[in-house]
Amino acid sequence: MESMRTREELVDRLFKGYEPYFDVERYDEEREDGLPLKGHCRFYVHSEKYVLIKKAKLWDADSNEFVYVFSVPELTAEIFEKCKDYAYEEGMKLVQPKPGHMYSYITVVFICDTCTPEGEKALKKCKIYKSFHFSWYGWMNVHTAAIVREGEKVFTNHMGRSNAKFMKNILNS
């Protein structure tokens with residue numbers, strides 16, 4: 001990487017990476033509650049299979065992902081917990097468990113200059129999973145990821161490993 005990008009540049013690059021597939025809403029004003037939320041992204045997919053006519057439906061499935069992007073100078077365990085709790089509460093309002101709902105992911109992304117060891121540990125250990133009606137109405141996972149400018153690191157929780165490659169491309173682009 002030729003020069004260290006600022007957090008604002010990384011946030012812009014992250015949203016540009018999500019824009020082709022997600023509905024992106026950015027926040028430029030400071031929030032009243034003090035959360036460092038920069039925006040959120042929403043992704044909805046509906047798939048179905050039928051035989052000859054649409055009334056002869058074999059199956060249908062809804063898949064969703066809700067991404068919340070936070071930008072902080074230093075990621076601490078307290079900031080992580082506060083932001084994760086906000087994203088979980090807001091994301092659960094959008095999850096609609098019903099017949100045909102397969103899964104929903106709530107993804108919490110942090111872009112920070114530095115990260116405390118406690119903050120990194122809290123992010124990596126985060127494990128939130130919920131099934132609806134014994135998984136008949138689908139499930140929900142919380143994915144977490146952080147892009148740390150100092151040391152050019154990317155880390156995720158176990159469920160968010162699929163986001164690591166995308167985050168590394170954002171950091172190195």
Side-chain angles (χ1 to χ4, degrees), residues 1-43 45 63-95 103-130 139-173:
M1 191 157 65
E2 59 275 348
S3 67
M4 181 69 74
R5 294 183 184 261
T6 66
R7 277 188 293 132
E8 292 76 23
E9 289 172 336
L10 289 173
V11 168
D12 288 339
R13 181 69 184 110
L14 184 70
F15 283 128
K16 283 182 182 154
Y18 277 120
E19 278 177 351
Y21 308 102
F22 287 70
D23 298 327
V24 175
E25 186 174 340
R26 298 188 65 165
Y27 306 123
D28 294 325
E29 296 93 30
E30 195 69 27
R31 292 178 51 93
E32 291 178 13
D33 57 7
L35 281 175
L37 183 65
K38 294 298 178 187
H40 70 267
C41 309
R42 296 178 182 172
F43 178 71
V45 172
S63 306
N64 310 307
E65 184 169 0
F66 310 109
V67 180
Y68 295 86
V69 178
F70 298 92
S71 176
V72 293
E74 182 176 55
L75 180 60
T76 63
E78 297 80 27
I79 292 172
F80 170 75
E81 290 297 327
K82 184 178 175 183
C83 295
K84 176 199 54 125
D85 291 344
Y86 171 82
Y88 177 74
E89 289 172 17
E90 292 300 310
M92 285 302 290
K93 292 176 186 175
L94 300 172
V95 174
Y103 67 83
S104 291
Y105 296 145
I106 299 171
T107 305
V108 187
V109 179
F110 293 91
I111 297 179
C112 54
D113 295 326
T114 61
C115 181
T116 65
E118 296 82 18
E120 181 176 348
K121 182 178 178 182
L123 187 139
K124 287 182 175 179
K125 296 284 183 186
C126 178
K127 183 178 181 182
I128 300 173
Y129 170 84
K130 183 172 178 68
W139 68 89
M140 180 279 311
N141 279 334
V142 173
H143 298 183
T144 58
I147 299 174
V148 183
R149 288 181 59 241
E150 184 179 283
E152 300 178 3
K153 294 189 295 185
V154 172
F155 46 86
T156 66
N157 66 347
H158 183 71
M159 290 182 256
R161 288 180 309 192
S162 59
N163 295 325
K165 184 177 179 182
F166 176 64
M167 300 297 162
K168 286 178 183 174
N169 287 340
I170 297 300
L171 183 63
N172 295 321
S173 64

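Here the structure is a predicted model, which is why all the values come from computation and not from measurement. Quick note: numbers below take in every heavy atom, side chains included, and nothing from hydrogens, waters or symmetry partners.
Legend: residues meeting side chain to side chain contact (heavy atoms under 4.5 Å, CB included) with Glu74, ordered by chain and number and at least two apart, are Thr76, Thr114, Thr116. Taking Lys130 as the reference, nothing meets the side chain to side chain donor-acceptor pair (under 3.5 Å) condition, with sequence neighbours excluded. Every residue two or more places apart in sequence or in another chain that forms a side chain to side chain donor-acceptor pair (under 3.5 Å) with Tyr27 is listed here: His40. The salt bridge (charged side-chain N to carboxylate O under 4.0 Å, His left out) search around Arg161 returns none, not counting sequence neighbours. By the salt bridge (charged side-chain N to carboxylate O under 4.0 Å, His left out) test, Asp28 pairs with no residue at all, sequence neighbours left out. With sequence neighbours excluded, the residues that form a salt bridge (charged side-chain N to carboxylate O under 4.0 Å, His left out) with Glu81 are Lys84. For Asp12, the salt bridge (charged side-chain N to carboxylate O under 4.0 Å, His left out) criterion is met by Arg26, not counting sequence neighbours. A search for side chain to side chain contact (heavy atoms under 4.5 Å, CB included) contacts involving Glu90 returns Tyr68, Tyr86, Lys93, not counting sequence neighbours. Judged as a side chain to side chain donor-acceptor pair (under 3.5 Å), and not counting sequence neighbours, Thr156 has no contacts. Residues satisfying the side chain to side chain contact (heavy atoms under 4.5 Å, CB included) criterion with Phe22, sequence neighbours excluded, are Tyr18, Val24, Cys41, Phe43, Glu65, Val67. Every residue two or more places apart in sequence or in another chain was checked for a side chain to side chain donor-acceptor pair (under 3.5 Å) with Asn163, and none qualifies.
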Q) Stepwise, does the side chain to side chain contact (heavy atoms under 4.5 Å, CB included) test hold for Leu75 with Leu123? A) CA-CA 10 Å; Leu75 180 60; Leu123 187 139; 4.1 Å; yes
**Q.** side chain to side chain contact (heavy atoms under 4.5 Å, CB included) evaluation trace for His158 with Lys127
**A.** CA-CA 8 Å; His158 183 71; Lys127 183 178 181 182; over 6 Å; no
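Looking only at side-chain heavy atoms (C-beta outward), Ile147 and Phe110 stay at 4.5 Å or farther from each other. With contacts defined as side-chain heavy-atom distances shorter than 4.5 Å, the pair Arg42/Asn64 does not qualify. Between Tyr129 and Val142 there is no side-chain heavy-atom pair separated by less than 4.5 Å. Counting heavy atoms from C-beta outward, Leu14 and Val109 have side chains that approach closer than 4.5 Å. Side-chain contact between Phe70 and Ile111 is absent, with no heavy-atom pair separated by less than 4.5 Å. Here the side chains of Lys124 and Lys121 are not in contact, with every heavy-atom distance at 4.5 Å or above.
Atom NZ of Lys38 sits about 14.5 Å away from atom CD of Glu25, to the nearest 0.5 Å. Rounding to the nearest 0.5 Å places OG of Ser71 at 6.0 Å from CD of Glu8. Taken to the nearest 0.5 Å, the OH atom of Tyr103 stands 10.5 Å off from the CG atom of Asn141. Here the CZ-CD distance, from Phe15 to Glu19, works out to 9.0 Å after rounding to the nearest 0.5 Å. In this structure, CZ in Phe80 is found 11.5 Å from SG in Cys112, a value given to the nearest 0.5 Å.
Test Ile128, Asn157, Ile106 against Thr144 for side-chain contact (heavy atoms from CB on, under 4.5 Å) and you get one pass: Asn157.
Aromatic pair Tyr105/Phe66: centroids not less than 6.0 angstrom apart.
Applying the salt bridge (Lys or Arg N to Asp or Glu O under 4.0 Å) rule to pairs touching residues 104-113 yields Arg7-Asp113, Asp113-Arg149, sequence neighbours excluded.
For Glu9, the CD atom is densely surrounded, since the number of other residues' heavy atoms within 6.0 Å is greater than 12.
Remark: side-chain polar atoms of Glu120 are not paired, donor with acceptor, to backbone N or O of Pro117 under 3.5 angstrom.
Counting all heavy atoms, side chain and backbone alike, Ala164 lies closest to Val154 at O-CG1, 4.1 Å.
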